[in-house]
Amino acid sequence: MKVAITGATGFVGSLLVQRLHGKGHKIVVLTRNTAFAQKVFPSEAFPNVEIVAHTPNTSGSWQSVIASCDGVVNLAGEPIGEGRWTPERKQEILNSRKLGTQKIVEAIVNANPKPTVLINASAIGYYGTSETANFDETSQSGNDFLAQVCQAWEAEATKVKDAGVRLVILRFGIVLGNGGALGKMIPPFKLFAGGPIGSGQQWFSWIHIDDLVNLIMQALTKPEIEGIYNATAPNPVRMADLSQTLGQVMNRPSWLPVPAFAIEALLGDGAIVVLEGQQVLPKRTVETGFEYKYPNLESALRQILA
């Protein structure tokens, strides 16, 4: 296959490029920073990777490369868990997803021939937060800021179906791997200062990065996979359980909680990402027969920290 990927230099995207490249597929990396992308994917090591300058929120000549692709994976979006949510930052978070997806869909609709599939990232923030409810792919959306962002994001992606293109929307949980959210949690544990964040009762719906990349690759290659799937492991945990398991795996104590007010002082409204969660179950994902390498948190953490 030939696959175009936005967000290819990111945490998930870079591993996806490596996997696709390793299987002999061709990849078009759509990136705002071509110099950085060339460092991440040097041509000697990645001869099947083509790097194309991408202006995510505006139409441009980059859109023409979509016509030569079999599939598109749209992972781009401003990070939500970094820094305070000022009004300007919230607008960036929304625009990078809504407008970015709008322009990808525009490119697919105008392509001749068209790619056969669009795999579009979304997030479990779609469901809102709750300490008591559980959610699957049929659950209603929430109404907080992140839920509204996910609704707008998915609405733009859905328009590709009018062009007869298969659409797969993956609602990402918190991705565990070398980096990302886990990368920020490990240093305090190394210093014997780890512990649950906030009340510890909030749900933590996660997925190992290997499973996520395998899920994306399955969605690319299996035409029967269509619609919305939760990209989460089948066994979500509460934050206190995450901290305890991480402490056990690292052989470190996990008793020093991080108070909610400290996170709120640092992140403002953005603190909702870590202080409130949702119990999300991958009902449709399991029904496809997808086999998780890491269905349980302890095995996932042991592999990452090995």
Pair [X], [Y]: side-chain N/O donor-acceptor within cut-off below 3.5 Å:
X	Y	answer
Thr58	Thr55	yes
Asn230	Thr285	no
Glu154	Ser122	yes

- Residue pairs, two or more places apart or on separate chains, that pass ring pair (Phe, Tyr, Trp, His ring centres under 6.0 Å) and touch residues 143-200: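 Sorted pair list: Trp85-Phe145.
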
- ring pair (Phe, Tyr, Trp, His ring centres under 6.0 Å) contacts in which one or both residues fall within residues 219-258, not counting sequence neighbours: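 Every candidate ring pair (Phe, Tyr, Trp, His ring centres under 6.0 Å) pair involving residues 219-258 fails, so no pair, neighbours aside, qualifies.
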
Taking [Y] as the starting point, is it possible to reach [X] by hopping between hydrophobic residues whose side chains are less than 4.5 Å apart?
X	Y	result
Phe11	Met185	no
Leu16	Ile51	yes
Val286	Leu297	no

Under the rule for side-chain contact (heavy atoms from CB on, under 4.5 Å), what residues qualify as partners of [X], not counting sequence neighbours?
X	value
Tyr294	His208, Asp210, Asp211, Ser299, Ala300, Gln303
Ser139	Tyr127, Phe135, Asp136
Ser68	Lys2
Gln279	Asn134, Trp203, Pro236

Side-chain donor or acceptor of [X] paired with backbone N/O of [Y] under 3.5 Å:
X	Y	result
Thr129	Gln278	no
Ser141	Ala147	no
Gln202	Arg238	no
Arg84	Ala265	yes
Thr31	Ala53	no
Glu137	Arg284	yes
Ser254	Gly195	no
His21	Val49	no

Can you list the residues that meet the salt bridge (charged side-chain N to carboxylate O under 4.0 Å, His left out) rule with [X], with sequence neighbours excluded?
X	result
Lys222	none
Lys184	Glu82
Glu106	Lys103
Glu226	none

- Salt bridge Arg97-Glu78, side-chain N to carboxylate O under 4.0 Å: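 Between Glu78 and Arg97 there is no salt bridge, as every charged N stays at least 4.0 Å from the carboxylate O atoms.
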
- Message: How close do Pro115 and Ala111 get, counting heavy atoms only, and between which atoms?
- Response: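 Closest heavy-atom pair between Pro115 and Ala111: CD-CB, 4.2 Å.
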
pair [X]-[Y]: side-chain heavy atoms closer than 4.5 Å:
X	Y	answer
Leu246	Leu182	yes
Asp70	Val3	no
Leu20	Met1	no
Met250	Ile186	yes
Gln218	Thr288	yes

- Step through the shown structure and confirm whether more than 12 heavy atoms of other residues, nucleotides or ligands are within 6.0 Å of NZ on Lys114.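 Enclosed: over 12 neighbouring heavy atoms sit under 6.0 Å from NZ of Lys114.
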
- Any chance you could measure Ile93, atom CD1, to Thr86, atom OG1, to the nearest 0.5 Å?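 Answer rounded to 0.5 Å: 8.5 Å.
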
- Message: My understanding is that a hydrophobic cluster links ILVMFWY residues whose side chain heavy atoms are under 4.5 Å apart, including indirect links. Using that, what else belongs to the cluster containing Leu99?
- Response: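 Grouped by the 4.5 Å side-chain rule, Leu99 forms a cluster of one, so the answer is none.
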
- Query: Transitive ILVMFWY cluster of Ile66 at side-chain heavy atoms under 4.5 Å: who else is in it?
  - Reply: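 Its cluster mates, by chain and number, are Val28, Leu30, Val52, Trp62, Val65, Val72, Ile104, Val105, Ile108, Val109, Leu118, Val160, Val165, Leu167, Ile169, Ile228.
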
